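A short write-up of the structure that comes next.
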Amino acid sequence: MPDDLQLQIVRNVLEKLKGTPGALLQILHDIQQGVGYIPDAAVPEIAHALNLSLAEVRGVITFYHDFRTTPPARHTLRLCHAESCQSRGAGQLAAQLRERLNLDDHGTSPDGQVSLRPVYCLGACACSPALELDGRLHARVDATKLDELLNRCLEDRSC
Ligand code: FES
């Protein structure tokens, strides 16, 4: 997306929400939804509109793991690390992901194909272990199923 279009999206969001008390989180969510991430150029625009310092805005962005400051990977895989999934093998699946992709639990592959994001309960505890891939829930995931999903992502098929 061109920089000027990103900036237009940022300004539209700010125009809509800047008068709303406590709007910073909503503004960040809306910018991320519109642009795909929060570009660095948005930070001074947000700070100016809300009369905050740059450090305050950056502090909020970095505090919440759901905010991205770089373009998203083509595929986002969120493995559940909460109790039910842990008791049904999520730890082994996490190790499989780390080894296969050579990433940590928050990493993005260098080719921009896959990002890993841990999540703590997807509401599918009865079907643990569970993960979400590009917004789609996959339950009762085992090593074979995880390999199949990764193969599709890495071969750039729909997951
Ligand atoms: S604990 Fe994993 S879906 Fe609830």
Side-chain angles (χ1 to χ4, degrees), residues 1 6 9-10 12-14 16-17 20-40 42-43 46 50 52 55-159:
M1 178 183 299
Q6 289 182 357
I9 291 169
V10 169
N12 288 346
V13 169
L14 289 171
K16 185 176 76 175
L17 293 172
T20 305
L24 178 56
L25 286 178
Q26 187 61 53
I27 286 169
L28 294 172
H29 280 293
D30 285 6
I31 290 172
Q32 183 160 286
Q33 184 172 10
V35 177
Y37 66 105
I38 300 170
D40 198 49
V43 174
I46 297 167
L50 299 183
L52 297 171
E56 286 172 306
V57 176
R58 286 199 172 99
V60 171
I61 293 169
T62 55
F63 182 79
Y64 294 101
H65 287 299
D66 276 349
F67 292 130
R68 293 184 297 268
T69 55
T70 56
R74 191 172 179 86
H75 305 286
T76 300
L77 191 156
R78 303 189 329 145
L79 176 66
C80 179
H81 289 250
E83 189 172 333
S84 175
C85 289
Q86 283 292 338
S87 71
R88 308 279 315 254
Q92 289 93 331
L93 296 176
Q96 182 180 346
L97 283 171
R98 288 192 296 268
E99 183 178 328
R100 174 104 191 257
L101 299 172
N102 197 23
L103 295 174
D104 66 23
D105 291 338
H106 289 272
T108 296
S109 60
D111 62 1
Q113 277 294 97
V114 182
S115 280
L116 297 181
R117 297 284 179 266
V119 65
Y120 296 90
C121 198
L122 290 162
C125 312
C127 304
S128 298
L131 63 81
E132 188 184 86
L133 181 56
D134 297 337
R136 183 167 169 214
L137 182 69
H138 297 269
R140 296 193 174 98
V141 178
D142 60 15
T144 303
K145 189 170 181 177
L146 181 58
D147 256 340
E148 288 170 7
L149 291 170
L150 285 174
N151 288 342
R152 286 192 199 168
C153 287
L154 296 174
E155 291 168 9
D156 210 20
R157 290 186 277 153
S158 96
C159 299

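Position 1 is the first residue of the sequence; numbering continues from there. Just so it is clear, the structure is predicted and the values come from calculations on it, not from any experiment. As the structure lists them, so they are numbered: ligands from 1, and atoms in each ligand from 1.
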(message) Give the atom numbers and elements of ligand 1 that come within less than 4.0 Å of a heavy atom of Ser84.
(response)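 It comes down to these atoms of ligand 1: 1 (S).
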
(message) List ligand 1 atoms under 4.0 Å from Ala82, heavy atoms only on the residue side.
(response)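 Atoms satisfying the 4.0 Å criterion: 1 (S).
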
Donor-acceptor pair, [X] side chain versus [Y] backbone, under 3.5 Å?
{"X": "Arg78", "Y": "Pro118", "value": "no"}
{"X": "Ser115", "Y": "Thr76", "value": "no"}
{"X": "Gln26", "Y": "Leu17", "value": "no"}

(message) Using a 4.0 Å heavy-atom cut-off, which part of Cys125 comes near ligand 1: side chain, backbone, both, or neither?
(response) both

(message) Take a 6.0 Å sphere around CZ of Arg68 and say whether it holds more than 12 heavy atoms from other residues, nucleotides or ligands.
(response) yes

(message) To check your reading of the site, what angle at atom 2 (Fe) of ligand 1 do SG of Cys80 and SG of Cys85 form, to 10°?
(response) 100°

